[in-house]
Every structure is written in structure tokens, then in C-alpha cells.
Enquirer: 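The structure that follows is given in the form of C-alpha cells.
Since we're looking at a predicted model, the values are computed, not measured. Sequence lines set the chain letters: A, B, ... in the order given, protein chains first and strands last, and positions in each chain run from 1.
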Amino acid sequence: MANIEKKDISMHYDFKEIEKNWQDFWAKNQTFKAENNSDKPKYYVLDMFPYPSGAGLHVGHPLGYIASDIYARYKRHKGFNVLHPQGYDSFGLPAEQYAIQTGQHPAVTTAANIKTYRRQLDQLGFSFDWSREVRTSSPEYYKWTQWIFIQIFNSWYNKDTDKAEDVETLIAKFSADGNANVNAVCDDDIESFSAADWKAFSDVKKQEILLQYRLTYLADTEVNWCPALGTVLANDEIVNGVSERGGHPVIRKKMTQWSMRISAYAQRLLDGLNTVDWPQPLKDSQTNWIGRSQGASVVFNVKDHDEKIEVFTIRPDTIFGVSFMTLAPEHELVSKITTEAQKAEVEAYIEATAKRSERDRMADVKTISGAFTGAYAEHPFTKEPIPIWIGDYVLAGYGTGAVMSVPCGDQRDYDFAKHFNIPIPNIFEGVDISEEAYADKDKTVIANSDFLNGLPYKKAMKLAIYELEKLGQGEGKINYRLRDAVFSRQRYWGEPFPVYYVDGMPQMIEKEFLPIALPEVEKYLPTETGEPPLGNAEVWAWDTVTNTVVNNSEINNTTVFPLELNTMPGWAGSSQYFNRYMDPHNENEIFSKEAIDYWQDVDLYIGGSEHATGHLLYSRFWQKFMFDKGLVPKDEFAKKLINQGMITGTSAFVYGFWVAFSHFNSLEDLKVEDKTMAYPVERPFLLLVSKSVYENCVKSEDFTEIEDWVEKKFSGYSNIIDIDKSVSQNTYDIRPIVQHVNVSLVNSSDELNFEDFLKWRQEYSNSVLFQEGKYIVGREVEKMSKSKYNVVNPDAICEEYGADSLRLYEMFLGPLEQSKPWNTAGITGAHGFLKKLWRLYHLGAEGAFAVSEDEPSKDSFKTLHKTIKKVEEDIENFSFNTSVSTFMIAVNELGAQKCNSRNVLEPLAILVSPYAPHIAEELWKQLGHEGSISTVDFPKFEEKYLVESSKEYPVSFNGKMRFKLELPLDLSKDEIEAAVMAHEKTAQQLQGRTPKKVIVVPAGKIINIVG
RNA sequence: GCUCGAGUGGUGGAAUUGGUAGACACGUUGGACUUAAAAUCCAAUGGACAUUAGUCCGUACGGGUUCAAGUCCCGUCUCGAGUACCA
């Protein structure tokens, strides 16, 4: 029986059988298990691990995974010990939202989703080392997330050594000298104290002070509060003023939150970008996010007050152009300095600003508004009074929340001055500022500025700073836009903090008692008193005697204390997973020293660009922290990073189908227009039919046949859509239609009024090009996402064409980094290639396996070796799309050559194996080899097979190619020229003229005759 | 507004240092095989004129450099991504 089965497989390309067999083989033999030591050089290929959503994988997900898998397999062929792990970023909001709605525990849904993901990933034939799988939501994993949090808590940032240090060193400094000489990144408003003061402080006071220095700290911060989600969001979780997930409104609110002092690392995060091979756009956006600006801080004294206003400016050289100052409405000095006369106006303005949401303020940057406080500041040099205004164009959150306004040099200051009739002194030589502010700082010199007169920008900057420092009213300063990252979330489904509170001060739980596992709760919503969901837990208190989590009722604040109710944000778990993969089952350490010393860092990281300012920035921060603590050997975790493009949903029209919508109720209502057709039924619905069906059936009004045909053609997709079910009160839920035609419409709004639908239909018809009734070309579409109902699921494709076809096809679609629309139609090309490949090895009777042991022809060797060369270059350059065409060319050529030789077909199977591993394994086995092809040496390119004695030269006249001429390669330039000039076609082209010049580029490049 | 990226057939895309523009694939058209369909194979396929060679035009648009430009330079337009009162 086994023989018959085997023979069966060898007869035709039975991808289902082949793929299943080899997937089982790999799993059984743990083919891709990586060892933490090896004589081979190491190579670490990492994918951004997925969040296991309920929708499962769509065809866009695997793109990056396929690319990294090809690279990982290639590196194995090249003799590397490859680490290629996969896992799940399994904490997150959707599971929690689902839990809120259904009461289903997020762990249950998450486990179910992971199961689906695993099945789908397995079916694509990835060479993951599943023995190293991690899940951020499993206690064995988040034990170490909690552990890192504790390490961060126990650290401060020493600016003198420019690294994180243990708080013990800080305490030592305090005990010796107080905090006067401590150069730390810490909170702004820290009182100074002496060593004696420090010793005299109470324990709680000491903890309070230390908290202001720790790298993670509790603070009352203004946060982005999303009432609908009941949680705080990070800046990068907000898009256009609403939450990224769900699109709910977000407001500003003060809360006590854990924060990470990422700002301490601003400069190093910036510098590190120069040491990694990451895409420039991604580096740019991180650079932009960190937002370094170099300038000076300037201190202005307030007249008749004992107050000072500190501002940050990048143009201290324009200090003599200051004609007013502007404070953010929220600035703390506003209430102190506002005069009685201005009080009413200022308060009214503050109230009006507070009412405007952040979103309104952002959307409306044109309206100029502000109010005069009545107070004046004193110019540091001229001692002239400067009116102090407030205005909402100054942001409380950036710099000091105050600016020195130089209307002649800044457009916003200029507009403000114009609007309120404030003088606009000109300090630029020979520049007209009557219309707008002068912005080109490099091209002029300073005037009307006392000691700065006549100086160009750079010199003026230096001198201004020098003079300010002499006065004690300023200094050179670098400012960063990067804010500390809020680390608390009011959610259930996240890592609990290993923290309990004594006298309101946070205490860390010892490492040996970790993990602190998530407690069970009745409800996943915030409590009635507004506490986070963990406030619902009954067993959620820390007993310091037994070192266990106990019931809340036992809290006595002497031995049993309340635990932290917040959980960690989504990026906590994803900031350390790449290191944990190196030693994922270590129970005593986050990873062993041997493991991290061996694997070092990620060599290739592939994932989406949407993580540029989230995950990728935070992970770099944690890595640098761990580097400072001597835990990791590299301060950047990934050497090379590639952003794979998105696969977008695509239109149905690429099939060449006709689209029609109908709500006609009878045949009489049916009006077949010229280009579209409608289909009469009792209910409204949407139908796609092909041109031929249209012609054959519609014209004959044989509608049953259409229905059958559509059913058959679209099996695997939902086909004829019954939108009647979603009709209520003239509102049509268009989502099924969107899903059906695989096109995304009208801003993805979930529901559409029928009127609007008709309008859409009109617009949509207009955007469709009808070319002589042949083609219908669709419009652009969006990212595949569940909410847009334009998802193409890989299961159906695997079923119909197999994983190898899908892998090849996704690579063939275009450059990896580029976004591209999904179009199932083209997959037959990739599938056809595999069939042709199979046939090369199966030229025996009735398609039986048969290769010859004969020496292949010269041409076949040439085909093979140029393919080796090209494919190797392409993989190294991550140009996977072109290597797929190279394979196609090779197979086409070998087919034409009737090449059947083992000496060509064996190396060919290895070449193909990273791309289409299943078929390659099967062919390898049929070629008589034992075991997996995956670690066989990559074929060696040999130049000698490509050496030629002659080459076809393109011959052009005045740059236009006219004919080709075969010439020996060993001819000299003169000989080539002579040969060309002697050619009859040359004479024909010249028609008696004498050429002015003949350009010969040897080695078969080109010959150009100028005449 | 600012920053970055991109515009090539009906479609996705090739052309890696300036050297045959449109590889490869899809789609389309015609043909072979078949009762038929599927599958497979063969041929054609940037446009226009000529249908035997051949000629002209073509890489968003307008200039320029060069023997030679999709590629380099200057200007313009369009699209996409990111960011947004950042002082």
C-alpha cells in the first residue's frame, strides 16, 4: 500500500498530500529546533509576533513571515545555526472587550484564537522553532516582564556616567552629600537637601524622594483618558484625537500613574539609530518623535513680582526681537501675575480654552486667540518691559509652556502680534517683514540687537548664549519632544504590577515570589467607584508574612497590604520577548548568560512600520536599560529591520466581473443597462457575474444558471449576499457587500442609509472604467482589516492551490517593503510554475518520477548557474519577487532544453526550497535522499559555466537600437568597430553618411554609432 | 503646513554601477487537444502607421547634462505615508 501511495504522489503534483506529509515530518523530527550552542555561526531571524485576534490570519499577515522564513531557510542552507522563533502578543484589548460583552474569560478566548493561529501558521509551512514559543499572557512569561519592571524601579539615571544605575548608588550619594551634586534625570521640582537632611528624613519621605529619581515612578500625570474604553491611552494609541481601537473620544485627565522615564534615554535612542540598519523612513519617524532641538533656556524676571519665567528657544540670537511673551493658558504663573484689571478677561479665556477639546485645538490652528495678563517681564539685556500674554498656541506640555515671542522671526508670533497690534521690531538686516515673518535663518545677519549687530546666525547664537550665561539668565540647552511613557492601564487583561502599597508608597515584591498572577474577577469593567477592573478582585492583597496573594478582607496595613490595581500596557510584554526566545523556559533567570552571550541580538527583524514609535522605541529603551545593567551584550536589539508592506484588500473587478446591485422586485423592473446588469429577485442583493455569463445567461434570462455559476465560482467566499437581513428602517448594512466584492467603500462607515448607498453606487460606477466591454478596473482599496470587511483568508487559498503556491505568490506580488493590493487571480501563475517544476522531475511514463544520471547540456548548466547567482543575490538583497521570476525563467528554459539531469535538478530543488519548502522536500526525497532538505548546502555558483566566447551586441544609431550583432568577446574595440562598419545593416542605416563617432562598450554592452 | 517616499503597458511589476525599456506573471485574443468543460500546450499582446522588411511616438509634465537618461541635474504637477501650533 505504501508503495502505491508513494507512486501516487510521484505521478502528479498532489500538493495537499505533500504539504501535510512534510509538515508532519518537520513537527515530528523537530527539524527546526535551534540549539543554544553550535560550531556553526549563529543567525537570529525574528518576526514581530502577532496579536491572536478572533478573526484569524488574513493573507496580509503571512507576507512578512514568508519573507523571514525564506531568509531563515536560506541561512540554514548557508551553514548557519538559525534561531527562528514565533509566539503570541496575547494580552490586549479585544479579548478584554469580548470578555466584557460575553463574560467569557479572556484567557479562554485567547487560547482558542491561538489555536486557530497555530493551525493557520502550520499550514503555511513556516520553519519556526515552536519549542521556544512564548505568550505574553502566560504567567511563566510575564514573571520576567514583572521582574524587569522591578529592575527599572530599582534604578536611576546618572547623567555623569550616562547610564542607569542601581538606586543604592543614589542613596549613597544622598547620605554623603545630599542631592546638590547629583546629576540625574529626575522630576523637575525637586527640593534640595543635605546629607544631614537626608538622614533625618522619615522612611516615607525618603521613598517619596527616591520615587522622583527612579526610572519608573508614580506621578500625577495628565493622561489621555478614554471614557468608553475605561482606560488610559498612550499618544500612539490615539489617532486623530480618537482611540485607535474603536474610535472613541479621548479627553485629558489627571491621574496617578506609573511612568517610564524614557526621556532619560532620548539622546541615546537618537544616537543608536545611526548604528542599526533600519529603514530610513522608520528612523526618520523615531527621530521626529524624539524631537531633539538645540537652543537655549532663557530666564525672564517678572516686573513687580518675585517670579521668573523660563522659556526654551532655538533662536537665542533673536532675543532683541522679543516684543512680548506668551504663556500657555495652563501655565502655573498665570494666576499669580495677572493684574486685577485683566483678571476677568484672562479667566474667561482660560475657561474657553479648557472647554475646547484637544481635538478642536488641534483641528483649528488658524484661529488666533489670547489674552493680555497685564503683567510685564523684563528683557534680560535692555531691561525694557515686555508684555506677558497667554495664548493657546503655546502648549503646556512642551518645553516650559512659555515662549519668548519674536514676531519678526516666527510666523505664529507674527500672526499673534498682528492680531493684537503688538509691535513687530525687525532685527534682520535688509529683510522686509511687512508681510510675514522672516524664516530663513541662514541667509542674513542680525541688526538692531546691541552686541549681536552684524553677526551671522551661528556666531550670534553662541554670543547670545555666552552673554545670557554671564548674566545668569540662561544657558545653552537641548530640548526633546519625547515624553515619559505612561505605563499604567486600567484594564484587566494585562500584566499585573508586582507592587503593593505601604503608607501609600509602592513596594516591590521579591523576585522569588513572582509571578504575581492575574486574579479572577467577576466583572471586567471598572468598579463602581471608578477603580480599574482589578478592583473587582476579592483575592488581591499582599501578605508580607506568607508572601502570598490573599483575600482583600485581610488587609490590615501592618502585614497585609493592598496590591496595585492597574496593569501594564501592551508594549510591556513585547519589549523583552526577543531576548526571552533565547532561553524561553528558564525558570530562574530571564535568560541564561550562556544563551544571551551566544545569540547576542536579532540579526534580522521583520514587521510592520506601524510600530515605529511604539513597540520599536520602547523595546530599544528597555534594551538600553538592560545593557546598562549588564544583562545584555548589545544596546540595540536588532541589527537589521525590514518593514514589510501591507497587503491591501482589492476590488472584485480584477476578475473581469460585472457588478450589479438591484432592489428590483420583478422582472418588469429590471432594466439591463448597457454596462451593468441587474438581477431581479424578491429581495435586494448584490451579484457578480462574468461577461460571458452575462452574455450567455442574462440575455436569455436564465437566472438559475447564474446563481449556480456564482455559487460554484465563489465557493469559499460568501457569494450571493442577502442584504435583506440587515435592512432596518431603510438602513442597509453594507458590510457584507464590502466583504463580498472585496472592495472597501465610503470611509468604512458601518452603516449607510439607502440613499447614500445609491449615491455610492453612482460614484462607484463612475470610477469604473469600461473599455469596450472588456475590462472593469476597480478603484483603490484599503488595508485589510476585519472592520473593513475586505479580508481574504489564506485557508481557502491553501485549500485550492497549496501553501507553496501561496508563499511564492505573495513573494511574487512585488517588493517586500511595498504595499500592494491582493489579487487572487494571479495565483494561478505561481501554481502553474510549481506544476511545471514538478514535471521536470516527472517525465516518466504517466508522469512517474524519472531523472537521468547523464551529464546535462552546457545550456542547462548555464541556466542552473545563472539562477544560483541571481537567486543568491536576490535573497541577500531581500528582493524575493525577482527571484521568483528567476525560478520561472529557469524552469521554462530547462523545460525547453528537455533537461532531466540529476546534476541540474538536485541543486534546483535546493534553490527552490526556501520559497516552496514542501515541494522541495518531496523532490529531494524522490531524488533518493534521506531526511530533510533544509540543512543541505546551498549550491555553489561557478563562474565557468557562464563564460562565453561571443556575445550579441546591440547596435544603436544615435542612441536608438537598430539591430543586434553576434561578435566574439575577445575582439578589441577597433576590431569590433570594423566588424560593425562592415555590416550590411550599418550601411543601410547610414545611407552613405560617414559616422562622426563610434562608441564601443565591450563585453557585449553596446555599440553606438553617432552620425 | 513640514518631513520622507513614489509616478513605467489593460493589471502586479522588471530593468542592481547611465548602455537593448516593458523581464516574469496575470488578463485578453486566436489556435491545438476534447462530445464538452477543466487542465495542458502553441502563438500574439505599449501605441500609431505600414502589415514584407520598416518608420515614428513612448517610463507623470517642462527643460537640461551626455555618444547614450526610467536612471543624473533644475523646475512643475499628482498620489501615498508619517507628523502637526514642538517655540
Enquirer: For the P atoms, the ones on B:A15 and on B:C74, what distance do you get once it is rounded to whole angstrom?
Expert: 24 Å
Enquirer: Dump every N/O contact between nucleotides 15-23 of chain B and the protein below 3.5 Å, one line per pair.
Expert:
residue	atom	partner	partner atom	Å
B:U16	O4	A:Lys870	NZ	2.1
B:U16	O4	A:Asp874	OD1	3.4
B:U20	O2	A:Lys964	NZ	3.0

Enquirer: I'd like the C1' distance from B:A60 over to B:A6, given in whole Å.
Expert: 11 Å
Enquirer: Which residues pass the side chain to side chain donor-acceptor pair (under 3.5 Å) test with A:Tyr953, sequence neighbours left out?
Expert: none
Enquirer: Would you confirm whether the ring centroid of A:His831 sits within less than 6.0 angstrom of the ring centroid of A:Tyr809?
Expert: no
Enquirer: So, for A:Phe880 and A:Phe812, is the gap between ring centers shorter than 6.0 Å?
Expert: no
Enquirer: Show every salt bridge (Lys or Arg N to Asp or Glu O under 4.0 Å) that has at least one partner inside residues 279-291 of chain A, sequence neighbours left out.
Expert: none
Enquirer: Kindly say if A:Asn288 contacts the phosphate of B:A84, meaning a side-chain N or O under 4.0 Å from OP1 or OP2.
Expert: no
Enquirer: Report the residue (A:Lys836 or A:Arg481) whose heavy-atom-nearest nucleotide on RNA chain B is the more 5′ of the two.
Expert: A:Lys836
Enquirer: Quote, to the nearest angstrom, the P distance that separates B:A84 from B:A14.
Expert: 32 Å
Enquirer: Under the ring pair (Phe, Tyr, Trp, His ring centres under 6.0 Å) test, which residues partner A:Tyr841, sequence neighbours left out?
Expert: none
Enquirer: Just label B:G9 as syn or anti from its O4'-C1'-N9-C4 or O4'-C1'-N1-C2 angle, using within 90° of 0 for syn.
Expert: syn
Enquirer: For A:Asp484, which residues count as a side chain to side chain donor-acceptor pair (under 3.5 Å) partner, sequence neighbours excluded?
Expert: A:Tyr217, A:Ser263
Enquirer: Atom CD of A:Gln294 to atom P of B:A87: distance rounded to whole Å?
Expert: 12 Å
Enquirer: To the nearest angstrom, how far is A:Tyr801 atom OH from B:A38 atom P?
Expert: 13 Å
Enquirer: Among A:Thr313, A:Thr318, A:Asp317, find the one that has a side chain to side chain donor-acceptor pair (under 3.5 Å) with A:Arg315.
Expert: A:Asp317
Enquirer: For A:Asn892, which contact category applies under a 4.0 Å heavy-atom criterion: base, sugar-phosphate, or nothing?
Expert: sugar-phosphate
Enquirer: Is the shortest side-chain N/O distance from A:Lys835 to OP1 or OP2 of B:U40 below 4.0 Å?
Expert: yes
Enquirer: Any pair with a residue in residues 876-891 of chain A that passes salt bridge (Lys or Arg N to Asp or Glu O under 4.0 Å), sequence neighbours left out, goes on the list, sorted by first then second residue, please.
Expert: none
Enquirer: Are OP1 or OP2 of B:G13 and a side-chain N or O of A:Gln818 less than 4.0 angstrom apart?
Expert: yes
Enquirer: Starting at atom CG of A:Leu282, determine the distance to atom C1' of B:G5, rounded to an integer number of angstrom.
Expert: 14 Å
Enquirer: Side-chain N or O of A:Ser293 versus OP1/OP2 of B:A87: is the shortest distance under 4.0 Å?
Expert: yes
Enquirer: With a cut-off of less than 4.0 Å, is there a side-chain N or O of A:Tyr393 near OP1 or OP2 of B:A87?
Expert: no
Enquirer: Could you state the atom-to-atom distance from CZ of A:Phe880 to C1' of B:A14 in whole Å?
Expert: 17 Å
Enquirer: Using whole Å, report how far NZ of A:Lys283 lies from P of B:G5.
Expert: 13 Å
Enquirer: Considering only the P atoms, how many Å lie between B:C85 and B:G58, rounded to the nearest integer?
Expert: 47 Å
Enquirer: Once side chain to side chain donor-acceptor pair (under 3.5 Å) is applied, do any residues pair with A:Glu873, and if so which ones, sequence neighbours excluded?
Expert: none
Enquirer: Would you indicate which nucleotide in B:C24, B:C56, B:C26 comes nearest to any side-chain atom of A:Thr828?
Expert: B:C26
Enquirer: Mind checking what makes ring pair (Phe, Tyr, Trp, His ring centres under 6.0 Å) contact with A:Tyr414, not counting sequence neighbours?
Expert: none
Enquirer: Given pairs defined as Watson-Crick or G-U wobble with both distances under 3.5 Å, what dot-bracket annotation applies to RNA chain B, with ( ) intrastrand, [ ] crossing, | other strand and . unpaired?
Expert: (((((((..(((......[....)))((((((.......))))))((((....))))..(((((..]....))))))))))))....
Enquirer: Do you know the tightest heavy-atom contact between A:Gly391 and A:Pro329?
Expert: O-CD, 3.3 Å
Enquirer: Taking OH from A:Tyr953 and P from B:C67, how many angstroms apart are they, rounded to a whole number?
Expert: 21 Å
Enquirer: May I ask you to verify if any side-chain N or O of A:Arg839 is less than 4.0 angstrom from the OP1 or OP2 atom of B:C41?
Expert: yes
Enquirer: I'd like a table of atom pairs between the protein and nucleotides 49-53 of chain B - only N or O on both sides, under 3.5 Å - with the distance next to each one.
Expert:
none

Enquirer: Using ring pair (Phe, Tyr, Trp, His ring centres under 6.0 Å) as the criterion, list what pairs up with A:Phe963, not counting sequence neighbours.
Expert: A:His983
Enquirer: Is the distance between the ring centroids of A:Phe320 and A:His379 under 6.0 Å?
Expert: yes
Enquirer: For B:C24 and B:C42, measure between their P atoms and round to the nearest Å.
Expert: 13 Å
Enquirer: From CG of A:Leu813 over to C1' of B:A25, roughly how many Å is that when rounded to an integer?
Expert: 10 Å
Enquirer: Please give the distance between the C1' atoms of B:G30 and B:U35 as a whole number of Å.
Expert: 22 Å
Enquirer: What residues form a side chain to side chain donor-acceptor pair (under 3.5 Å) with A:Thr326, not counting sequence neighbours?
Expert: A:Tyr393, A:Ser405
Enquirer: Picking from B:U83, B:A14, B:C4, which would you name as closest to the side chain of A:Pro815?
Expert: B:A14
Enquirer: Rounded to whole angstrom units, what separation is found between the NE2 atom of A:His331 and the P atom of B:C85?
Expert: 19 Å
Enquirer: Which nucleotide, B:A87, B:C67, B:C24, lies nearest any side-chain atom of A:Met888?
Expert: B:C24
Enquirer: On a whole-Å scale, what distance lies between the C1' atoms belonging to B:G7 and B:U71?
Expert: 14 Å
